[in-house]
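Notes follow once the structure below has been shown.
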Number of protein chains: 2
Amino acid sequence: MIIRSARSEDEPAIWAIMEPVIRAGETYTLDRNMSEKDALAYWCGADKNTYVAEADNVIVGTYYLRPNQAGGGRHVCNCGFMTSAEATGRGIARLMCEHALKQAHDQGYRAMQFNFVVSVNERAVRLWQSLGFEIVGRLPSAFEHPTEGYVDALVMFRQFQNS
Amino acid sequence: MIIRSARSEDEPAIWAIMEPVIRAGETYTLDRNMSEKDALAYWCGADKNTYVAEADNVIVGTYYLRPNQAGGGRHVCNCGFMTSAEATGRGIARLMCEHALKQAHDQGYRAMQFNFVVSVNERAVRLWQSLGFEIVGRLPSAFEHPTEGYVDALVMFRQFQNS
């Protein structure tokens with residue numbers, strides 16, 4: 001598998017990954033009816049570096065990396081990760097996050113922050129913890145899950161060594 | 001003092017409040033060199049309801065109210081508050097926040113979240129705590145303060161009663 005910067009011709013494949021995630025509404029705080037155009041503008045916007053994971057010439061995952069804040073907060077980055085429904089369970093999110101951590105470190109960031117990890121997304125919480133992220137905040141009932149109702153969201157944070 | 005929705009003709013007065021706050025870079029994660037145009041687009045953007053506090057026909061403070069997230073997170077709002085340098089210490093931020101809490105409740109929000117309160121801004125931290133906000137997260141060294149270096153930022157949260 002290779003991970004590389006996204007190109008404009010990757011957008012249909014990126015949208016194919018995004019659409020079921022957005023429509024499910026279980027993990028991202030995005031409008032479940034979001035259009036393809038708006039979703040791609042969000043994920044591939046000028047404020048972000050967007051990457052794709054490719055296996056056998058098929059795009060199986062995508063992530064973005066951006067400064068989480070401007071001004072005095074721009075040394076902390078933020079990422080979003082999505083894996084194609086067909087390719088889950090193959091460790092693609094882990095590989096993408098490892099890639100992102102290296103990119104972020106190389107780009108001079110001092111830490112990575114996830115602003116909103118849905119607490120009942122236990123697989124994601126465990127994955128991020130295994131990659132060195134700590135839960136630094138808990139937002140009570142901040143997410144309305146389509147089947148589980150109001151659940152907490154977590155703020156997760158990893159500081160880089162030698163930063 | 002009255003608090004009312006901002007109008008386009010208020011923009012010069014809003015900018016007069018924003019400019020020293022942005023240039024100081026001590027409390028907001030905004031680019032210290034941000035232009036007037038970009039600052040007003042941010043503060044008075046279509047995603048926000050923007051208000052001004054007016055005393056004796058002079059605008060002495062401004063705040064915005066917006067959903068903090070989309071999708072399953074849109075029941076939690078976010079605000080930003082700024083008071084004019086000449087009018088600090090008169091309780092204007094407190095009055096604006098009380099106004100915001102009522103607006104938010106009336107608009108159907110269930111909670112208000114501040115994403116990034118600079119920890120050394122003790123006056124703000126105490127004010128929000130006195131208005132019922134709790135510290136629900138601490139972002140280690142997430143803010144580069146112009147004179148104090150890397151300091152923590154706090155996530156503060158208030159759930160509404162009867163929500």
Side-chain angles (χ1 to χ4, degrees), chain A residues 21-34 38-39 42 67-78 109-121 134-160 163, chain B residues 21-34 38-39 42 67-78 109-121 134-160 163:
Chain A
V21 175
I22 291 172
R23 299 287 178 255
E26 295 177 347
T27 50
Y28 275 81
T29 54
L30 298 172
D31 183 342
R32 291 176 71 178
N33 298 313
M34 199 175 199
D38 287 349
Y42 167 76
N68 198 41
Q69 303 282 350
R74 68 167 59 256
H75 59 285
V76 179
C77 68
N78 167 250
Y109 288 108
R110 299 169 64 95
M112 186 179 290
Q113 179 176 334
F114 300 150
N115 299 306
F116 204 100
V117 181
V118 176
S119 59
V120 296
N121 188 0
E134 291 179 42
I135 296 170
V136 298
R138 177 175 283 267
L139 313 173
S141 302
F143 186 69
E144 187 175 12
H145 189 282
T147 57
E148 306 205 33
Y150 290 104
V151 299
D152 294 350
L154 307 176
V155 182
M156 301 188 73
F157 201 92
R158 180 174 155 177
Q159 289 183 279
F160 301 158
S163 68
Chain B
V21 175
I22 292 171
R23 299 288 177 255
E26 295 177 347
T27 51
Y28 276 81
T29 54
L30 298 173
D31 184 339
R32 290 176 72 178
N33 298 314
M34 198 175 200
D38 288 349
Y42 167 76
N68 198 43
Q69 302 283 348
R74 68 167 58 257
H75 59 285
V76 179
C77 67
N78 167 248
Y109 288 108
R110 299 168 63 95
M112 186 179 290
Q113 178 175 335
F114 300 150
N115 299 306
F116 204 101
V117 181
V118 175
S119 59
V120 295
N121 187 359
E134 291 178 41
I135 296 169
V136 297
R138 179 175 283 268
L139 313 173
S141 302
F143 187 69
E144 187 175 10
H145 189 282
T147 58
E148 306 205 33
Y150 290 104
V151 298
D152 294 349
L154 307 176
V155 183
M156 300 188 73
F157 202 92
R158 180 175 155 176
Q159 289 184 280
F160 300 159
S163 70

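A, B, ... follow the sequence lines: proteins, then strands. Residue 1 opens every chain.
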In terms of heavy-atom proximity below 4.5 Å to chain B, should A:F143 be classed as side chain, backbone, both, or neither? both
Out of A:G71, A:G25, A:G137, which one racks up the most heavy-atom pairs below 4.5 Å with chain B? A:G71
Ranking A:A70, A:G73, A:P146 by heavy-atom pairs under 4.5 Å to chain B gives rank one to A:A70
Most contact-rich option vs chain A, by heavy-atom pairs under 4.5 angstrom, among B:M34, B:Q113, B:H75, B:H145, is B:H75
Do the non-hydrogen side-chain atoms of B:F157 and B:E134 ever get within less than 4.5 Å of each other? no
Atom CG of A:L30 and atom CZ of A:R23: how far apart are they, to the nearest 0.5 Å? 10.5 Å
All heavy atoms of A:N68 vs all of A:N78, minimum pair found to be OD1-CB, 3.2 Å
Can you tell which part of A:V136 gets under 4.5 Å to a heavy atom of chain B, answering side chain, backbone, both or neither? both
Would you give the length of the straight line joining atom CZ of A:R110 to atom OH of B:Y150, rounded to the nearest 0.5 angstrom? 4.0 Å
Mind ranking A:V118, A:L139, A:V76 by heavy-atom pairs under 4.5 Å with chain B and telling me who comes out on top? A:L139
Could you give the distance from CZ (B:R138) to CG (B:L154), rounded to the nearest 0.5 Å? 5.0 Å
